[in-house]
Amino acid sequence: MLKLLSATPSPFARKVRVVLLEKNIPFELKTINPWNINADIERFNPLGKIPVLITANDETIYDSKFIIEWIEHNYPDPAVFPTDAKTKFKAQQIQVIADGICEALILLFFENMRPDPQQSKPWTERQIKKISNGLQALEQQISNDDFCVDNTFGIADISVVSALDYLSLRFKTYEWRDKFTRISKFVARQSARQSFIETMPTPQDIEKSTI
Ligand SMILES: N[C@@H](CCC(=O)N[C@@H](CS)C(=O)NCC(=O)O)C(=O)O
């Protein structure tokens, strides 16, 4: 059986979990905390990050985008990538923006955990700019239809919902709903989907020694 190394707040692991659920693929979910000093992820991923998918042959696959490509190749139905190349590129571009917002949110989160005098204002502002520019780009690129691309559920929807729920978890003071109304309506429309309900992000304790 497939095994997924995951963490409860991770938007990247969440994308993979949603894809596995949507395709109805049985898998063992192994929840760890990748930020703990003794998390010991390097034996699965040299970069020390989750998500990592461990196949039935004990192959390790990492980086959420690559894991999802691997799953799509091996379990094509129902597809999460559009088949038409142009539409697929559009969906993947949306995934890149959504993931980039999450990367900036992680950097911001750890910056905010440092003692006040150690925090860098320019660094913080740099990450906030990536988040707001990324949201602006998503606001322009996602469709007004039920789903982001080609009115069909897929990777773009999974990525946008994962990013926005992660934003709500990690940056509670950021008022995005009134500013980005198209994204806001889209996320509200998606909130009843079972795979999203089952994978809502929750915080994990971070050891002080990590920061
Ligand atoms: N590009 C990677 C990002 C994965 C990532 O940043 N994972 C975080 C958790 S959300 C992690 O494991 N970080 C641990 C570390 O950087 O040491 C992906 O899409 O899978």
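For this chain, numbers begin at 1 and follow the sequence in order. Bear in mind that the values here come from a model prediction, so they are computed numbers and not experimental data. What you see below is based on every heavy atom in this structure, not just the backbone, and it leaves out hydrogens, waters and symmetry mates.
Of the inter-residue distances, the one linking T202 atom OG1 with L169 atom CG reads 7.5 Å to the nearest 0.5 angstrom. Interatomic distance, L20 CG to F27 CZ, rounded to the nearest 0.5 Å: 5.0 Å. Of the inter-residue distances, the one linking I128 atom CD1 with K121 atom NZ reads 9.5 Å to the nearest 0.5 angstrom. In this structure, the separation between CZ on F186 and CZ on F180 is 15.5 Å, given to the nearest 0.5 Å. For the atom pair NZ (K208) and CD1 (I206), the distance works out to 9.5 Å, reported to the nearest 0.5 Å. Separating the CZ atom in R193 from the CD1 atom in I158 is a distance of 7.5 Å, to the nearest 0.5 Å.
Under a hydrophobic clustering in which Ile, Leu, Val, Met, Phe, Trp and Tyr are joined whenever their side-chain heavy atoms come within less than 4.5 Å, directly or via other members, I25 and F196 fall into the same cluster. Cluster annotation: V96 is not connected to L138 through the hydrophobic network of ILVMFWY side chains, with a link wherever side-chain heavy atoms come within less than 4.5 Å. The cluster map of Ile, Leu, Val, Met, Phe, Trp and Tyr, joined by side-chain heavy atoms under 4.5 Å apart, puts L5 and F12 in different clusters. With hydrophobic clusters built from ILVMFWY side chains whose heavy atoms lie under 4.5 angstrom apart, I32 does not share a cluster with I106. Residue F66 is grouped with residue L2 when hydrophobic side chains (ILVMFWY) are merged at heavy-atom distances under 4.5 angstrom, including chains of intermediate members.
For R114, the CZ atom is densely surrounded, since the number of other residues' heavy atoms within 6.0 Å is greater than 12. Other residues, nucleotides and ligands contribute more than 12 heavy atoms inside 6.0 Å of the CD atom of Q194. Residue F110 qualifies as enclosed at atom CZ: its count of foreign heavy atoms under 6.0 Å is above 12. More than 12 heavy-atom neighbours from other residues, nucleotides or ligands sit within 6.0 angstrom of CG on D84.
The shortest heavy-atom contact between L4 and V16 is CD1-CG1, 3.7 Å. Residues A156 and C148 come closest through the heavy atom pair CB-CB, 3.8 Å. When all heavy atoms are compared, the tightest approach of I211 to M113 is CD1-CE, 3.1 Å. Taking each heavy atom of P9 and Q204 in turn, the nearest pair found is CD-OE1, 3.5 Å. Pairing each heavy atom of V19 with each of I71, the nearest pair is CG1-CG2, 4.0 Å. Smallest separation of non-hydrogen atoms from I97 and G134: CG2-O, 3.4 Å.
Using a 4.5 Å heavy-atom cutoff, the side chains of Y174 and S168 are not in contact. The shortest distance between side-chain heavy atoms of L167 and L164 falls below 4.5 Å. A 4.5 Å side-chain heavy-atom check between R17 and L29 finds at least one atom pair inside the cut-off. Side-chain contact between V187 and D165 is present, with heavy atoms from C-beta onward closer than 4.5 Å. L107 has its side chain out of reach of E111: every pair of non-hydrogen atoms, C-beta onward, lies at least 4.5 Å apart. With contacts defined as side-chain heavy-atom distances shorter than 4.5 Å, the pair Q127/L105 does not qualify. Side-chain contact between V161 and R14 is present, with heavy atoms from C-beta onward closer than 4.5 Å.
A donor-acceptor pair under 3.5 Å is absent between the side-chain atoms of Q141 and the main chain of I94, judged by distance alone. No donor-acceptor distance shorter than 3.5 angstrom exists from the side chain of K3 to the backbone of T55, with no hydrogens or angles considered. Put simply, the side chain of S159 gets close to the backbone of I155: a donor and an acceptor are under 3.5 Å apart. Distance alone, capped at 3.5 Å, is enough to place a donor-acceptor pair between the E139 side chain and the T181 backbone. Side-chain atoms of T152 come within 3.5 Å of backbone N or O of D150 as a donor-acceptor pair.
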Kindly list each side-chain donor-acceptor pair under 3.5 angstrom involving residues 33-54, sequence neighbours excluded, with atom names and distances?
residue : atom : partner : partner atom : Å
N33     : OD1  : W35     : N            : 3.0
N33     : ND2  : D205    : O            : 2.6
D40     : OD2  : R43     : NE           : 2.8
N45     : OD1  : L47     : N            : 2.8
N45     : ND2  : K49     : O            : 2.9

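Taking the centre and axis of the six-membered ring of F81, the NZ or CZ atom of K88 falls inside the cone set by 45° and 6.0 Å. Both tests do not hold together for R189 against F147: distance to the six-membered ring centre under 6.0 Å, angle to the ring axis within 45°.
M1 belongs to no hydrophobic cluster with other residues, because no ILVMFWY side-chain heavy atom falls under 4.5 Å from its own, directly or through intermediates.
Side-chain N/O atoms of S64 and K15 include a donor and acceptor closer than 3.5 Å.
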